[in-house]
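Please read the structure below before turning to the comments.
Numbers here are sequence positions counted from 1. Ligands are counted one by one from 1 in listed order, and the atoms in each one are counted from 1 as well. Quantities reported herein were computed from a predicted structural model and do not represent experimental measurements.
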Amino acid sequence: MEMPHNRVFSGVQPTGNLHLGNYLGAIKRFVELQQTHECIYCVVDLHAITVWQDPRELLHNTREVAAAYISCGIDPVEHIIFNQSQVAEHAELAWLFNCVARIGWLNRMTQFKEKAGKHRENASVGLFAYPALMAADILIYRATHVPVGDDQKQHLELCRDIAQKFNVDFAEAIAVRGHKDGFFPLTEPLIAGPATRVMSLRDGARKMSKSEASDMSRINLTDDADTIARKVRKAKTDPEALPSEKEGLEGRPEAENLVGIFAALDDLSVEDVLQKYGGSQFQVFKSDLSDLAVSKLGPIGEEMQRLLADPQGIDDILRNGAERARAIAAPIYDEIRKIVGFAH
Ligand code: TYM
């Protein structure tokens, strides 16, 4: 069994309100990696249910993420798109990783602390164990690279810690079975570009998020042109003109955020954008940003609506993707069973 050397895995939760942060921080990068890597992109429904989901909405949101993947340019024939719960090996390996990861490691996860908030005792056990499932998602394919936004960095460090501990704990069994450099790879996070952390349009100190109450805080992939334009026009800014150098954005989180969004949407660097708009007022910049956002996101939203009109068609794609994902995961899980000492 060969260790893959360029296999990409990533996932998005079907929890509604897919937004510009998900697009620029993750999905747009997923698309680019198809040129160079073997890619597996998952709709992580098992992760979604760590907080309550209405079953009908979960089903719709799952199809919506799949539709977004395809509309943004992921090819479900050359690569793989599927939903997590159809490949049982994710959950099986997650159990094993629950027994490898330490409570102390999970206690340090800032996202759990944020999501559980003051009601920690009332959070689901799944929400606490979530990063072990995420490690299982990645390592059940022995994926080498994972493109994500900045907020997932700590979870990917934990994934490496779990892989490392497994490789050490089972070193003898792994070597006996002929694996030379450990069984799991130490997966590399891919977090780069001008939009790894897109902030709320209403508050430059908060991340753009699916769960933020105000819809004005984010641009959704399903927003129409008028809505996108209104949200950009109303986005919070400061009274100064735009600077011509990157240093001039320091201490100006809203300006920095909008410039980063512009750069990422137009495949430019922040420096390029400032060279063009340095000295301009926000009114001018926002008008161009709004046109740019509509021209890039409009066609994606329309294609999503078209695909969602045929839910059966999306389900067929997910089922086919799941079969192909399982064909990769099953032999890896068989090998894991032998390493761990499960009778087979
Ligand atoms: P999720 O569903 O919260 O977000 C999906 C992807 O979008 C990125 N993202 C952002 N990027 C930039 N700016 C933002 N404001 C922003 N908000 C979200 C996230 O970083 C992510 O890449 N735990 C993951 C899903 C997951 C996963 C995995 C990812 C499950 N298993 C295995 C990679 C590998 C999550 O909740 O993403």
For Gln84 and ligand 1, answer yes if some heavy atom of the residue is under 4.0 Å from a ligand atom, otherwise no. no

State the atoms of ligand 1, each with its element, that fall below the 4.0 Å cut-off from a heavy-atom position in Thr196. 11 (N), 12 (C), 13 (N)

Do we get Arg142 above Phe183's six-membered ring, with its NZ or CZ under 6.0 Å from the centre and within 45° of the axis? yes

Select one of side chain, backbone, both or neither to describe which atoms of Ser209 lie under 4.0 Å from any atom of ligand 1, heavy atoms only. neither

Are any of the N/O atoms on Lys115, whether in the backbone or the side chain, positioned under 3.5 angstrom from an N/O atom of ligand 1? no

Between Asn22, Leu133, Val8, Ile40, flag the one that comes closest to atom 18 (C) of ligand 1 by a heavy atom. Asn22

Protein heavy-atom partner closest to atom 22 (O) of ligand 1 - residue, atom, separation in Å: Gly149 N, 3.2 Å

Between Asp45 and Thr62, is the side-chain hydrogen bond (donor to acceptor under 3.5 Å, both in side chains) condition met? List the steps. CA-CA 7 Å; Asp45 48 10; Thr62 299; 4.8 Å; no

Identity and separation of the nearest protein heavy atom to atom 28 (C) of ligand 1: Met134 CG, 3.4 Å

Quick one: do Glu303 and Arg306 make a salt bridge, cutoff under 4.0 Å? yes

Less than 6.0 Å separating the ring centroids of Phe262 and Tyr277? yes

Just jot down the ligand 1 atoms closer than 4.0 angstrom to any heavy atom of Met208, in number order. 15 (N), 17 (N)

Measure Val148 to ligand 1 on non-hydrogen atoms and call it side chain, backbone, both or neither using the 4.0 Å cut-off. both

Sub-4.5 Å side-chain heavy-atom contact between Leu133 and Leu93: no

Say whether Asn6 and Glu38, considering side chains only, have a donor N or O and an acceptor N or O under 3.5 Å apart. no

Flag yes if Ile261 and Val31 sit in one hydrophobic cluster, no otherwise; membership is Ile, Leu, Val, Met, Phe, Trp, Tyr, and two members link when side-chain heavy atoms are under 4.5 Å apart. yes

Please work out, at 4.0 Å between heavy atoms, whether the side chain, the backbone, both, or neither of Lys210 comes within that distance of ligand 1. side chain

Below the 3.5 angstrom mark, is there an N/O of Leu156, backbone or side chain, next to an N/O of ligand 1? no

Within a distance under 4.0 Å of any heavy atom of Ala195, pick out the atoms of ligand 1 and give their elements. 12 (C)

Examine Asp150 against ligand 1 and note whether any of their N/O atoms are separated by less than 3.5 Å. no

Kindly state whether the ring of Phe82 and the ring of His90 have centres lying under 6.0 angstrom apart. yes

For atom 10 (C) of ligand 1, what is the nearest protein heavy atom, given as residue, atom name and distance? Gly21 O, 3.4 Å

Please confirm whether Asp151 comes within less than 3.5 Å of ligand 1 when only nitrogen or oxygen atoms on both sides are compared. yes

I need the contact type for Gln13 against ligand 1. Using non-hydrogen atoms and a strict under-4.0 Å cut-off, is it side chain, backbone, both or neither? both

Do Gln111 and ligand 1 have an N or O pair less than 3.5 Å apart? no

To which of Phe9, Tyr23, Phe30, Tyr130 does the heavy atom nearest atom 35 (C) of ligand 1 belong? Tyr130

Just distances here: any N/O of Val44 and N/O of ligand 1 closer than 3.5 Å? no

Ligand 1 and Ala26, any nitrogen or oxygen pair closer than 3.5 angstrom? no

Are His47 and Tyr130, when compared by the centres of their aromatic rings, separated by less than 6.0 Å? yes

Of Arg202, Arg206, His19, which meets side chain to side chain donor-acceptor pair (under 3.5 Å) against Glu212? Arg206

Considering non-hydrogen atoms of the protein only, which is the closest contact for atom 13 (N) of ligand 1, and what is the distance? Val198 N, 2.8 Å

Side chain or backbone, does Ser10 bring an N or O within less than 3.5 Å of an N or O on ligand 1? no

How far is atom 17 (N) of ligand 1 from its nearest protein heavy atom, and which residue and atom name does that atom have? His19 CE1, 3.5 Å

Take Glu57 and His60, measure what side-chain hydrogen bond (donor to acceptor under 3.5 Å, both in side chains) needs, and give me the verdict at the end. CA-CA 5 Å; Glu57 278 175 30; His60 172 78; over 6 Å; no

Modelled atom types, side-chain donor and acceptor of Asn83 and Gln86, under 3.5 Å: yes

Candidate pair Gln275 and Ser244, rule side-chain hydrogen bond (donor to acceptor under 3.5 Å, both in side chains), full reasoning: CA-CA 6 Å; Gln275 207 163 32; Ser244 3; over 6 Å; no

Test item: Pro4 and Ile328 side chains (from C-beta on) under 4.5 Å apart, heavy atoms: no

